[in-house]
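Note: hydrogens, waters and symmetry copies are ignored here, and every other heavy atom, side chains too, is used.
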Amino acid sequence: IPPGIYRKSFAFENWPDFDNELWQKVCDEETKGNFNHKIIGSDISDIAIRIATENIKNASLHRKIELSVSSIEDYKPDTKKPGMVITNPPYGERLKEKDLEGFYKKLGDTFKTAYPDYNIWILSSNVSALKSFGLHPSEKLTLYNGPIECKFLKYSIYKGSKKQK
């Protein structure tokens with residue numbers, strides 16, 4: 001969705017050379033696309049879900065995104081077709097290091113057993129915890145979450161062993 005697409009007006013519409021016909025054509029092209037995917041979000045924090053819900057409403061995306069207060073271990077994904085998970089687990093700001101590594105291991109175990117044919121993307125700055133995840137990434141990107149250098153890693157989950165693929 002283009003930024004500001006739901007705005008009523010823009011200052012550039014008052015410019016002397018503003019082309020309204022061209023602008024309408026751009027807006028029509030941007031809103032034509034059909035989005036036939038399901039976006040589901042969850043968090044164990046009801047405060048985080050409330051904030052996300054408000055942001056989603058403000059972006060006019062409330063018909064496209066479902067949110068719930070729940071743990072990843074409790075969620076049962078649709079495994080009839082491939083899917084994708086994008087997660088930003090804690091980096092170590094609030095959990096002790098030992099607990100964090102255990103959490104990442106539990107997260108990796110959950111994905112391995114319950115998410116066949118999914119691509120899992122994880123954003124984290126905690127390299128030690130990522131090693132506890134128990135899988136090897138198929139892609140690695142370096143990103144920044146503000147000033148914090150993070151790794152954005154893709155894990156392809158599949159049934160059986162790679163040799164069978």
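- Distance check, rounded to the nearest 0.5 Å: CD1 of I120 to CD1 of I72 gives 7.5 Å.
- Counting all heavy atoms, side chain and backbone alike, S71 lies closest to I44 at CA-CG2, 3.7 Å.
- A ring pair (Phe, Tyr, Trp, His ring centres under 6.0 Å) check over residues 118-147, counting only residues at least two apart or in different chains, returns the pairs Y115-Y118, W121-F152, F133-Y155.
- Shortest non-hydrogen contact noted between D43 and I49 is N-CD1, 3.6 Å.
- Counting heavy atoms from C-beta on, the side chains of P89 and F103 come closer than 4.5 Å.
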Walk me through it: do L153 and L135 pass the test side-chain contact (heavy atoms from CB on, under 4.5 Å)?
CA-CA 10 Å; L153 305 174; L135 295 167; over 6 Å; no
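- Using modelled atom types, one finds a donor on one side chain and an acceptor on the other under 3.5 Å when comparing K151 with T142.
- Residues passing the side chain to side chain donor-acceptor pair (under 3.5 Å) test with N88, sequence neighbours excluded: Y91.
- With sequence neighbours left out, Y104 forms a side chain to side chain donor-acceptor pair (under 3.5 Å) with S124.
- Atom OG1 of residue T110 and atom NZ of residue K105 lie 10.0 Å apart, to the nearest 0.5 angstrom.
- Looking at K106 and D109, no side-chain N of the basic residue comes within less than 4.0 Å of a carboxylate O on the acidic one, giving no salt bridge.
- Considering CG of D19 and CH2 of W23, their distance stands at 11.5 Å, rounded to 0.5 Å.
- Note that NZ of K154 is 11.0 Å distant from CD1 of I86, once rounded to the nearest 0.5 Å.
- The pair K64-E66 does not meet the salt-bridge criterion, since no charged nitrogen lies less than 4.0 angstrom from a carboxylate oxygen.
- Summarising the geometry of P116 relative to T79, their closest heavy-atom pair is CD-CG2, 3.8 Å, with the distance given to 0.1 Å.
- When atom types are taken as modelled, the side chain of E13 and the backbone of F10 share a donor-acceptor pair closer than 3.5 angstrom.
- H37 is linked by a ring-ring contact (aromatic ring centres under 6.0 Å, His included) to F35, counting only residues two or more places apart in sequence or in another chain.
- Interatomic distance, CD1 of I122 versus SG of C150, reported as 12.5 Å (0.5 Å rounding).
- Rounding to the nearest 0.5 Å gives a distance of 6.0 Å between CE of M84 and CG of N119.
- Across P77 and A114, no two heavy atoms sit closer than the pair CG-O, 3.1 Å.
- I51 and I56 fall into different hydrophobic clusters, where Ile, Leu, Val, Met, Phe, Trp and Tyr are joined by side-chain heavy atoms under 4.5 Å apart, directly or via other members.
- The 12-atom threshold is exceeded at CG of L22, counting heavy atoms of other residues, nucleotides or ligands nearer than 6.0 Å.
- E149 and S125 get closest at one heavy-atom pair: O-CB, 3.3 Å.
- T113 meets the side chain to side chain donor-acceptor pair (under 3.5 Å) test with no other residue; sequence neighbours excluded.
- Here E54 pairs with N58 under the side-chain contact (heavy atoms from CB on, under 4.5 Å) rule; sequence neighbours left out.
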